[in-house]
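Treat the numbers as computed from the prediction; the structure is a model and nothing was measured. Starting from 1, each residue takes its place in the sequence as its number.
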Amino acid sequence: MKICAIVLNYNLPADTISVVADLKKQVLPKNWKLEIIVVDNASTDNSIEKIRLAYPEIILLPQPQNLGVAGGYNAGLKYALKRNADFFITLNNDLIINQKDCLEILVTTLKNNKKSGAVVPMIYFAKGFEYHGLRYHQAELGKVIWYAGGIIDWNNILLSHRGVDKTNSRAYQKIEDTDFITGAFMVFKKEILKKVGLFDEKYYLYLEDADLSQRIKRAGYRLLFVPQAKISHKVSQTSGNKIGGELNDYYITRNRLLFGLKYAGLRTKIALLREALRLLSSGRSYQKEAVKDFFLLKFGRKNTL
């Protein structure tokens, strides 16, 4: 049985090398093979040389331009499909996977639940990367939850992480369905991608995971949160210092409209359109641009960001 893990890199070779090292330390059954694919999203530093030097045996796919999260993952998935993989993992490079049986737990859960289409582990903030680090005792750092399942507020098209900022992981100990799986770490069956397709590259960045999650659910499959598997996330490394600023303003505004008008109920769609008109007159500059681009059907990458 073959598993392909697809890691995205953009100007963070040290993080990529670190997560590849974690993947290679995973303990798997003898008849399982893990193949690691690194997609470099047109890095402008010496990422490719450093990654090749550290791990010449892995598959490295340099891209001629930055394809974003959706396009970058798709480049890896298309290659992995040609390699006849049975299961696929898409993951950010800013993760720490210390649990040696993490992949085995997730893939076994996916194999044993015929109605499941994708699974996700418990994800903690990596120590020192907590949003509110000063709020916690020293002993709690590294044990703060970032994601214990996803929640979608369909009335307002707001997506949130269950359990975020909490340290009591005992409240989230059972395998259960979740509204969406975070793109930071997703595990799929091959049949799912063949049925619902790859990531929608219109999103480029943000909500591409929620869109794919919805397509999986609407095809009749379950999305499972599996807390027995645990990883940590160095949050915001990949997006850089624009997180929460112009980049966030633009992509969240545009992609929320794209997602909501595709999947929400009629009343919510009308509310979203009203909100979009309000943002055109009183929103921040990149929110205004996002709304304009949405109505002009300009999707994918925003070249001015």
Quick one: pull up [atom1] in [X] and [atom2] in [Y] and give me the separation to the nearest 0.5 Å.
X	Y	atom1	atom2	answer
Leu77	Leu193	CG	CG	5.5 Å
Ile97	Ser232	CD1	OG	9.5 Å
Arg284	Gln287	CZ	CD	4.0 Å
Ser43	Gln63	OG	CD	10.5 Å
Ile3	Gln26	CD1	CD	9.5 Å
Lys189	Ile192	NZ	CD1	6.5 Å

Check the pair Met122 / Ile145 against side-chain contact (heavy atoms from CB on, under 4.5 Å), numbers first and verdict last.
CA-CA 8 Å; Met122 169 78 82; Ile145 296 171; 4.2 Å; yes
Test item: side-chain donor near acceptor, [X] and [Y], under 3.5 Å:
X	Y	result
Asn255	Tyr204	no
Asn93	Asp15	no
Glu246	Asn248	no
Asn113	Tyr221	no

Looking at [X] and [Y], would you say the former's side chain and the latter's main chain have a donor-acceptor pair under 3.5 Å?
X	Y	result
Gln99	Lys230	yes
Glu201	Ala70	no
Thr268	Trp154	yes
Arg218	Tyr263	yes
Asn168	Arg170	yes
Asp40	Pro62	no
Asn11	Thr44	yes
Arg215	Leu198	yes
Asn9	Thr16	no
Gln228	Gln173	yes

Hydrophobic clusters here meaning ILVMFWY residues chained together by side-chain heavy-atom distances under 4.5 Å, can you tell me if [X] and [Y] are in one?
X	Y	value
Leu297	Leu257	yes
Leu266	Leu258	no
Ile123	Ile151	no

For the pair Glu289 and Lys298, find out whether any cationic side-chain nitrogen is under 4.0 Å from an anionic carboxylate oxygen.
no
Electrostatic pair Lys2:Asp86 at N-O distance under 4.0 angstrom:
no
Check the pair Asp177 / Arg222 against salt bridge (Lys or Arg N to Asp or Glu O under 4.0 Å), numbers first and verdict last.
CA-CA 7 Å; Asp177 292 273; Arg222 298 172 67 191; 2.9 Å; yes
Which atoms form the tightest heavy-atom contact between [X] and [Y], and what is the distance?
X	Y	result
Ala5	Leu34	CB-CD1, 4.0 Å
Asp45	Pro13	OD2-CD, 3.5 Å
Gly183	Tyr73	O-OH, 2.9 Å
Phe259	Leu207	CB-CD1, 4.2 Å
Thr109	Leu224	CG2-CD1, 4.3 Å
Lys288	Leu279	CG-O, 3.2 Å

Less than 4.5 Å apart, any side-chain heavy atom of [X] and any of [Y]?
X	Y	answer
Val20	Ile58	yes
Asn74	Leu67	no
Gln214	Phe180	no
Trp32	Val107	yes
Asp165	Arg135	yes
Asp94	Leu12	no
Val226	Ile105	yes
Ile96	Asp22	yes

Ile37 vs Leu60, side-chain contact (heavy atoms from CB on, under 4.5 Å): CA-CA, chis, key distance, verdict:
CA-CA 6 Å; Ile37 300 170; Leu60 182 57; over 6 Å; no
Does Tyr203 form a side chain to side chain donor-acceptor pair (under 3.5 Å) with Asp211? I'd like the steps, not just the answer.
CA-CA 9 Å; Tyr203 289 89; Asp211 177 88; 3.0 Å; yes
Could you check Leu272 against Ile157 for side-chain contact (heavy atoms from CB on, under 4.5 Å), going step by step and ending with a plain yes or no?
CA-CA 8 Å; Leu272 275 176; Ile157 307 301; 3.8 Å; yes
Within 6.0 angstrom of [X] [atom1], more than 12 heavy atoms from elsewhere:
X	atom1	result
Lys269	NZ	yes
Glu57	CD	yes
Lys33	NZ	no

So salt bridge (Lys or Arg N to Asp or Glu O under 4.0 Å) across residues 136-162, not counting sequence neighbours, yields Arg162-Glu176
Per salt bridge (Lys or Arg N to Asp or Glu O under 4.0 Å), Asp293 is matched among Lys302, Arg301, Arg254 by Lys302
Given Phe185, which partner from the list Leu106, Val119, Asp209 fulfils the side chain to side chain contact (heavy atoms under 4.5 Å, CB included) test?
Leu106
Determine, stepwise, if the pair Glu275 / Arg256 fulfils salt bridge (Lys or Arg N to Asp or Glu O under 4.0 Å).
CA-CA 11 Å; Glu275 181 182 339; Arg256 185 166 159 264; 2.8 Å; yes
With sequence neighbours excluded, tell me which residues meet ring-ring contact (aromatic ring centres under 6.0 Å, His included) with Phe188.
none
From the list Phe225, Tyr131, Tyr124, Trp146, ring-ring contact (aromatic ring centres under 6.0 Å, His included) with His161 holds only for Trp146
Take Leu91 and Val7 through the test side-chain contact (heavy atoms from CB on, under 4.5 Å) and record every step on the way to the result.
CA-CA 5 Å; Leu91 64 153; Val7 183; 3.9 Å; yes
